[in-house]
Number of protein chains: 2
Amino acid sequence: MERTNGQKQPPLGKIARLYYEHGLTHQEIADLCGLSRIKVTRLLAEARLVGIVEITVHSDDHLFVGLESALGHAYPLRQAWVGPAFEDEGRALHSLGAVAADCVTAFLTKGTTVAVGLSGSVAAIPGHLREATGLDLSIVPLTGSKGGVSRAASPHELALSFAAAVDGRAYHLPAPLLARNAQAARVWREDPAVQETLERAVSADVLIAGIGGTAADAGLLVQGLSAAELAGIRKRGAVGDISGRFFDADGAAVPGEVDERLIGPSLEQLRAVPVRIGVARGADKRRALAVALRHGLINVLVTDVSTAEALLADADAPEGAPS
Amino acid sequence: MERTNGQKQPPLGKIARLYYEHGLTHQEIADLCGLSRIKVTRLLAEARLVGIVEITVHSDDHLFVGLESALGHAYPLRQAWVGPAFEDEGRALHSLGAVAADCVTAFLTKGTTVAVGLSGSVAAIPGHLREATGLDLSIVPLTGSKGGVSRAASPHELALSFAAAVDGRAYHLPAPLLARNAQAARVWREDPAVQETLERAVSADVLIAGIGGTAADAGLLVQGLSAAELAGIRKRGAVGDISGRFFDADGAAVPGEVDERLIGPSLEQLRAVPVRIGVARGADKRRALAVALRHGLINVLVTDVSTAEALLADADAPEGAPS
DNA sequence: CAGACGCGTGAACATCTGATCAAAATTCGA
DNA sequence: TCGAATTTTGATCAGATGTTCACGCGTCTG
């Protein structure tokens with residue numbers, strides 16, 4: 001008995017080619033290579049994940065042109081980018097990341113510095129970025145790393161992912177997101193390395209950050225606070241945060257202990273960045289988004305259809321005024 | 001009653017994005033855009049066809065490494081490229097085109113001139129070529145155009161497709177494939193434009209052509225001949241043709257009326273091209289291929305698995321010697 | 001103006017693909 | 001060396017995709 005092939009590790013590129021270039025079915029590839037059909041399915045999935053298979057859509061069509069321009073009229077925005085809405089949180093995040101990736105890409109030119117905030121939505125972006133070689137991009141984190149709980153991307157890792165994806169240089173902010181107390185925060189801020197990176201961040205060309213709400217789980221920052229802290233912040237009128245800085249219904253900073261413990265640019269400093277991209281979606285972000293938009297905390301919006309529609313409704317009937 | 005969207009032409013890029021970047025299903029896109037699911041399926045197919053959607057496999061894995069090197073040992077070849085085999089002729093052609101496209105691409109460097117022969121297999125290539133900008137490529141047809149019967153790609157159109165695909169320049173051979181008679185052929189050959197293009201062709205760096213058999217329908221050339229002509233050629237020992245030039249079992253040219261009527265390089269002239277890629281597959285091409293390989297009419301082979309295996313068997317037991 | 005042809009459309013079906021789950025294999029630790 | 005946890009594997013099934021067919025509309029022709 002002789003076998004035509006010993007059972008070695010299956011060559012990923014070969015399988016991808018047979019499928020995508022030669023149009024074999026999973027089953028046919030399985031038979032050809034002596035694998036099970038499911039194995040082939042998995043290898044193909046891996047090939048896509050790893051990037052051996054790359055699917056590009058050559059088009060700059062925006063998905064929801066109507067909504068985007070409507071938002072542009074209703075709020076003081078440079079641009080709005082709207083993506084499809086999903087029930088499933090996972091899909092929603094993935095999709096929003098794709099839109100946001102297109103959005104940032106549109107702002108990249110030679111030598112651009114991008115400051116990235118800590119946010120689940122922002123973390124979804126790098127996977128969708130296409131390499132933009134030769135642009136000499138710099139990626140700077142806006143805040144320190146959030147330790148503990150989830151190993152959710154720290155701004156540092158986030159900056160690294162961004163940089164890897166677009167072939168840019170990543171900077172590091174060697175500090176925690178929140179210091180132990182106000183005094184410790186002051187010490188951190190005096191650190192030269194921290195200062196240098198923060199200066200670089202506030203003088204960035206483009207800023208991209210999530211918008212957090214004040215619901216219990218609306219944003220990475222909020223999730224790291226105790227119920228008491230959160231209650232305090234809400235009592236002071238906070239409706240949301242951007243890059244860890246809470247703001248009230250007038251778009252003004254909300255002072256307090258948390259604010260003092262945070263290491264990162266102030267709301268005013270953030271405003272100094274010319275292009276401020278806010279990425280968020282979902283019912284619990286709606287209020288915060290409306291305020292951030294109206295008061296120009298962000299001037300480029302990335303969201304999904306249903307949030308966009310809700311925001312348009314808010315623009316007509318501001319605040320919580322029932323019809 | 002108001003509709004959210006009037007029924008206008010559906011934007012292709014948008015649909016492609018929703019599917020490939022945002023992961024919606026056909027059905028979801030249909031609902032979103034007010035189309036039927038099938039319509040979406042078709043639009044996506046079109047998007048792929050047109051090239052709005054581009055799927056790239058980043059890998060230089062060869063598919064059948066073992067066979068390819070075995071062929072390289074069994075015959076005097078520079079390279080062999082083997083693709084999967086199919087029952088269905090259509091799929092086979094498509095697949096072979098993909099392999100051949102990879103193969104030619106491997107030989108393209110700055111300033112390369114590629115001469116293309118008339119052949120169904122060669123016609124399947126352009127669709128799989130990736131743009132290779134900045135290489136300053138020239139594409140030259142090897143023969144004149146075959147009028148009448150099928151509007152199958154003339155070498156001229158073929159050269160144009162190639163050139164368009166790789167961003168090169170196409171040349172034109174203003175002549176028919178076969179002249180009315182030997183004398184008419186001579187007149188054509190004296191035409192300065194014809195001479196110039198032919199000279200360019202025979203001094204090409206790379207040649208890519210199909211290998212025709214002498215079965216009734218084995219190749220575009222053969223299909224254009226009358227039964228009587230074909231019989232005559234076979235009687236003189238022809239086993240196949242490359243770019244319209246028939247050769248016998250010793251790889252020598254087969255003279256005769258058809259040969260005199262043909263406008264294009266002779267077998268000897270073809271041999272002057274350093275890289276001679278032959279593309280063919282199928283039982284009725286097997287004999288011709290074996291001869292073309294053994295006698296160096298081509299030195300790079302593109303074929304499918306089953307043909308490759310047959311050729312290896314032929315190499316062991318040459319000619320029609322039964323075991 | 002009637003008929004015929006061609007194109008575009010959607011319904012039904014067949015196939016392909018991807019997800020879930022349980023069994024098997026493997027690795028790691030004791 | 002054994003057992004337990006983790007990973008890998010393949011069977012089954014639900015859902016997604018693509019193909020085929022028949023219909024209807026518009027257009028061209030006689």
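Quick note on labels: first sequence line is chain A, next is B, and so on, each numbered from 1. The analysis underlying the following values was restricted to heavy atoms, covering all of them including side chains, and did not include hydrogens, waters or symmetry mates.
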Would you give me the side-chain donor-acceptor pairs under 3.5 Å for residues 94-106 of chain B, sequence neighbours excluded?
{"unit_1": "B/S95", "atom_1": "OG", "unit_2": "A/H22", "atom_2": "ND1", "d": "2.6"}
{"unit_1": "B/D102", "atom_1": "OD2", "unit_2": "A/R17", "atom_2": "NH2", "d": "3.4"}
{"unit_1": "B/T105", "atom_1": "OG1", "unit_2": "B/A101", "atom_2": "O", "d": "2.6"}

Review point. About how many Å separate CD1 of A/I15 and CD1 of A/I29, when rounded to the nearest 0.5 Å?
Key: 7.0 Å

Review point. Taking only side-chain nitrogens and oxygens of A/Y19, does any of them come within less than 4.0 Å of OP1 or OP2 of C/dC16?
Key: no

Review point. What pairs with A/R42 under salt bridge (charged side-chain N to carboxylate O under 4.0 Å, His left out), at least two apart in sequence or on another chain?
Key: none

Practice item. Whole angstrom is fine here: how far is it from CG in B/L35 over to P in C/dA11? Key: 13 Å

Exercise for review: Any chance you could measure A/L18, atom CG, to A/K14, atom NZ, to the nearest 0.5 Å?
Suggested key: 6.5 Å

Review point. Rounded to the nearest 0.5 Å, how far apart are CG of A/D61 and CD1 of B/I52?
Key: 7.5 Å

Study note, to complete from the structure: Rounded to the nearest 0.5 Å, the OG1 atom of B/T303 sits from the CD1 atom of B/I211 at a distance of 10.5 Å

Check your understanding: Has the side chain of A/E68 got a donor or acceptor atom that lies under 3.5 Å from a matching backbone atom of A/V82?
Key -> yes

Point to revise | Rounded distance in Å - CZ (A/R37) to P (D/dT9) | key: 15 Å

Exercise for review: Sequence neighbours left out, what pairs pass ring pair (Phe, Tyr, Trp, His ring centres under 6.0 Å) with at least one residue falling in residues 23-68 of chain B?
Suggested key: B/Y19-B/H26, B/H62-B/W81

Check your understanding: Going by heavy atoms in the side chains, are B/I277 and B/F107 under 4.5 Å from each other?
Key -> yes

Practice item. For the pair A/V116 and A/I125, evaluate side chain to side chain contact (heavy atoms under 4.5 Å, CB included) and give the outcome as yes or no after the intermediate values. Key: CA-CA 11 Å; A/V116 297; A/I125 299 176; over 6 Å; no

**Study point:** Phosphate OP1/OP2 of D/dG18: any B/R48 side-chain N/O under 4.0 Å
**Key:** yes

Check your understanding: Just how far, in rounded Å, is P of C/dT17 from NE2 of A/H26?
Key -> 4 Å

**Study point:** Whole-Å gap separating C1' (D/dA16) and CG (B/L24)
**Key:** 13 Å

**Study point:** A/S36 side-chain proximity, nearest of C/dG18, D/dG10, D/dT17
**Key:** D/dG10

Review point. Is there side-chain contact between A/E28 and B/P84, with at least one heavy-atom pair below 4.5 Å?
Key: no

Review point. Listed in order of residue number, which residues of residues 38-46 of chain B have a non-hydrogen atom at under 4.0 Å from DNA chain C?
Key: B/I38, B/K39, B/R42

Revision key, fill the gap. Terminal axes of the helix from C/dC1-D/dG30 to C/dA30-D/dT1 (5 end pairs apiece), angle rounded to 10 degrees, sit apart by 30°

Exercise for review: Taking only heavy atoms on the protein side, list every residue of residues 52-59 of chain B lying under 4.0 Å from any atom of DNA chain D, sorted numerically.
Suggested key: none

